**Q** 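Here you go, one structure.
Everything quoted here is computed from the prediction, not taken from an experiment. Residues: numbered from 1 along the sequence shown.
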Amino acid sequence: MSYSRQSMGSGSRSTRGYEFGRTYVVRPKGKHQATIVWLHGLGDNGSRILACSLITTSHFGSVSFCSSSQLLESLPLPNIKWICPTAPSRPVSLLGGFPCTAWFDVGEISEDLHDDIEGLDASAAHIANLLSAEPTDVKVGIGGFSMGAAIALYSTTCYALGRYGTGHAYTINLRATVGLSGWLPGWRSLRSKIESSNEVARRAASIPILLAHGTSDDVVPYRFGEKSAHSLAMAGFRQTMFKPYEGLGHYTVPKEMDEVVHWLVSRLGLEGSR
């Protein structure tokens, strides 16, 4: 299978002033049936994907990479268009204020983690804007690794609520979400927000979510992946699937990516996958 890869420009500025980096596109070989925005982790960019079978990690980033084309060409998903944006460079509390690419500000992962709602909303809006140009007959989804998984899950809660954290309308009709080795921002108040409206609860119940996490992850500990899945299910996201991987650290392996492929084919009803 072969794909053409196209850059969508040097970057864009959100309404809140964040300067997003270059976006890369991997076009489908077959009939275009779905588009997925795939989101990198802390310190990475859209041209390099953390989902590599052999990597070593530091904080939320990695010290060795594989290109998006290498990863995506290896997946038997000829009907999916992949959009790989780059996060803004900003000071990150976890790194003592050192600037690097990050979808939002984050400190040490803990039960008391503060959510950077402004940063989360800005990135979720940027991702939604990328998907807004897709044809109406194409199913759209979001996925990511580590911090990328966190912003994917946050975007999914915005879809269910019909609004961003600041109250502005969220208008993208998401059809699937994948989160690898990540966590759920805003989990404490999610259930009460979802239960506030029958329409919100309906949207939450309608979207399939696949979460996967390694039990030996020492960057985003396994318990936060498990807690994220539990919080989503308890809030009414009934189609949440959680897959633990025994002994896996903060990286992916072919078995996990195979699971992602099969899940996407099934949930999106893709045709012609080899």
Side-chain angles (χ1 to χ4, degrees), residues 11-21 23 37-46 50 57-62 85-131 142-170 172 174 177 179-194 209 211 213 217 219-221 223-225 227-228 231-232 235 250:
S12 63
R13 184 177 293 276
S14 76
T15 55
R16 294 173 178 81
Y18 294 105
E19 185 70 33
F20 288 84
T23 295
V37 174
W38 191 264
L39 303 159
H40 63 75
L42 181 68
D44 203 0
N45 64 61
L50 289 177
T57 59
S58 173
H59 293 300
F60 297 122
S62 70
T86 300
S89 181
R90 70 178 81 209
V92 176
S93 297
L94 176 69
L95 306 179
F98 184 83
C100 71
T101 52
W103 298 110
F104 51 92
D105 186 30
V106 65
E108 196 71 36
I109 298 293
S110 71
E111 300 288 349
D112 301 318
L113 179 66
H114 170 73
D115 292 317
D116 171 22
I117 298 299
E118 181 180 355
L120 285 161
D121 273 358
S123 290
H126 180 69
I127 295 161
N129 184 57
L130 293 173
L131 288 172
I142 305 177
F145 178 85
S146 194
M147 177 179 267
I151 189 62
L153 291 175
Y154 180 77
S155 295
T156 304
T157 63
C158 291
Y159 158 73
L161 294 169
R163 57 180 171 81
Y164 297 96
T166 52
H168 293 90
Y170 186 93
I172 301 301
L174 291 181
T177 300
L180 309 180
S181 305
W183 72 97
L184 172 66
W187 62 270
R188 296 179 189 84
S189 59
L190 182 60
R191 183 173 181 177
S192 62
K193 291 178 180 178
I194 296 297
I209 302 172
L211 301 182
H213 216 109
D217 193 328
V219 178
V220 181
R223 68 181 184 277
F224 291 103
K227 177 184 285 292
S228 296
S231 297
L232 287 165
H250 197 64

**Q** Report yes or no: does Asp217 contribute a side-chain atom to a donor-acceptor pair with the main-chain N or O of Val219 at less than 3.5 Å?
**A**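 The answer is yes, because a donor-acceptor pair under 3.5 Å joins these two groups.
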
**Q** Less than 4.5 Å apart, side chain to side chain, heavy atoms only: is that true for Val220 and Ser146?
**A**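 Contact flag for Val220/Ser146 side chains = yes.
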
**Q** Are any side-chain N or O atoms of Asp116 and backbone N or O atoms of Phe104, one a donor and one an acceptor, separated by less than 3.5 Å?
**A**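 Side chain of Asp116 to backbone of Phe104, a donor-acceptor pair under 3.5 Å: no, none is there.
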
**Q** With sequence neighbours excluded, what pairs up with Arg223 under the salt bridge (charged side-chain N to carboxylate O under 4.0 Å, His left out) test?
**A**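 With sequence neighbours excluded, Arg223 shows a salt bridge (charged side-chain N to carboxylate O under 4.0 Å, His left out) to no residue whatsoever.
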
**Q** Go through the steps for Ile172 and Ile142 under the test side chain to side chain contact (heavy atoms under 4.5 Å, CB included), then give the verdict.
**A** CA-CA 11 Å; Ile172 301 301; Ile142 305 177; over 6 Å; no

**Q** Are the side chains of Tyr154 and Asp121 in contact, using a 4.5 Å heavy-atom criterion?
**A**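 Yes - at least one pair of side-chain heavy atoms lies under 4.5 Å apart.
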
**Q** I need the Ile194 CD1 to Thr157 OG1 distance, nearest 0.5 Å.
**A**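 Nearest 0.5 Å value for the CD1-OG1 distance: 7.0 Å.
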
**Q** On a heavy-atom basis, which atom in Pro185 and which in Ala150 lie closest, and how many Å separate them?
**A**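 Result for this residue pair: CD-O, 3.4 Å.
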
**Q** What is the minimum heavy-atom distance between Ala235 and Arg191, and which atoms define it?
**A**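 So the two residues come closest at CB-CA, 3.8 Å.
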
**Q** Working to the nearest 0.5 Å, report the span between CG of Leu180 and CG of Leu39.
**A**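 The distance works out to 11.0 Å.
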
**Q** Out of curiosity, Thr23 OG1 to Leu130 CG, how far, rounded to the nearest 0.5 Å?
**A**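 Between Thr23 OG1 and Leu130 CG, I get 5.0 Å after rounding to 0.5 Å.
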
**Q** Roughly how far apart are His40 NE2 and Asn45 CG, rounded to 0.5 Å?
**A**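 One gets 6.0 Å once the value is rounded to the nearest 0.5 Å.
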
**Q** What closest approach, in Å, do Ala152 and Thr177 show between heavy atoms, and which atom pair accounts for it?
**A**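 Looks like O-CG2, 4.0 Å.
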
**Q** List the steps, then state whether side chain to side chain contact (heavy atoms under 4.5 Å, CB included) holds for Trp183 with Lys227.
**A** CA-CA 8 Å; Trp183 72 97; Lys227 177 184 285 292; over 6 Å; no

**Q** Quick one: side-chain hydrogen bond (donor to acceptor under 3.5 Å, both in side chains) partners of Ser155, sequence neighbours excluded?
**A**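 For Ser155, no residue satisfies side-chain hydrogen bond (donor to acceptor under 3.5 Å, both in side chains) once neighbours in sequence are set aside.
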
**Q** Side-chain contact, heavy-atom cut-off 4.5 Å: Leu211 with Leu184?
**A**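 Result no, sub-4.5 Å side-chain heavy-atom pair not found.
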
**Q** Report the residues that fulfil ring-ring contact (aromatic ring centres under 6.0 Å, His included) with Phe224, sequence neighbours left out, ordered by chain and then residue number.
**A**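 Phe224: no ring-ring contact (aromatic ring centres under 6.0 Å, His included) contacts found.
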
**Q** What residues, two or more places apart in sequence or in another chain, satisfy side-chain contact (heavy atoms from CB on, under 4.5 Å) together with Ser189?
**A**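 With neighbours one apart ignored, the set is Ser192, Lys193.
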
**Q** List for me each residue that meets side-chain contact (heavy atoms from CB on, under 4.5 Å) alongside Ser123, sequence neighbours excluded, and say none if there are none.
**A**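 Checked Ser123 against side-chain contact (heavy atoms from CB on, under 4.5 Å); matches are Phe20, Arg90, Trp103, Ile151.
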
**Q** Give, for atom NE2 of His114 and atom CD of Glu108, the distance between the pair rounded to the nearest 0.5 Å.
**A**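 Between His114 NE2 and Glu108 CD, I get 15.5 Å after rounding to 0.5 Å.
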
**Q** Over all heavy atoms of both residues, which pair between His250 and Ser181 is shortest? Give the atoms and the distance, please.
**A**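 Minimum heavy-atom separation between His250 and Ser181: CE1-O, 3.5 Å.
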
**Q** For residues 91-101, dump all side-chain donor-acceptor pairs below 3.5 Å to protein atoms at least two apart in sequence or in another chain.
**A**
unit_1	atom_1	unit_2	atom_2	d
Ser93	OG	Asp105	OD1	3.3
Ser93	OG	Asp105	OD2	2.7
Thr101	OG1	Gly43	N	3.4
Thr101	OG1	Asp44	N	3.2
Thr101	OG1	Asp44	O	2.5

**Q** Rounded to the nearest 0.5 Å, what separates atom OG1 in Thr156 from atom CG in Leu174?
**A**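 Between Thr156 OG1 and Leu174 CG, I get 5.5 Å after rounding to 0.5 Å.
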
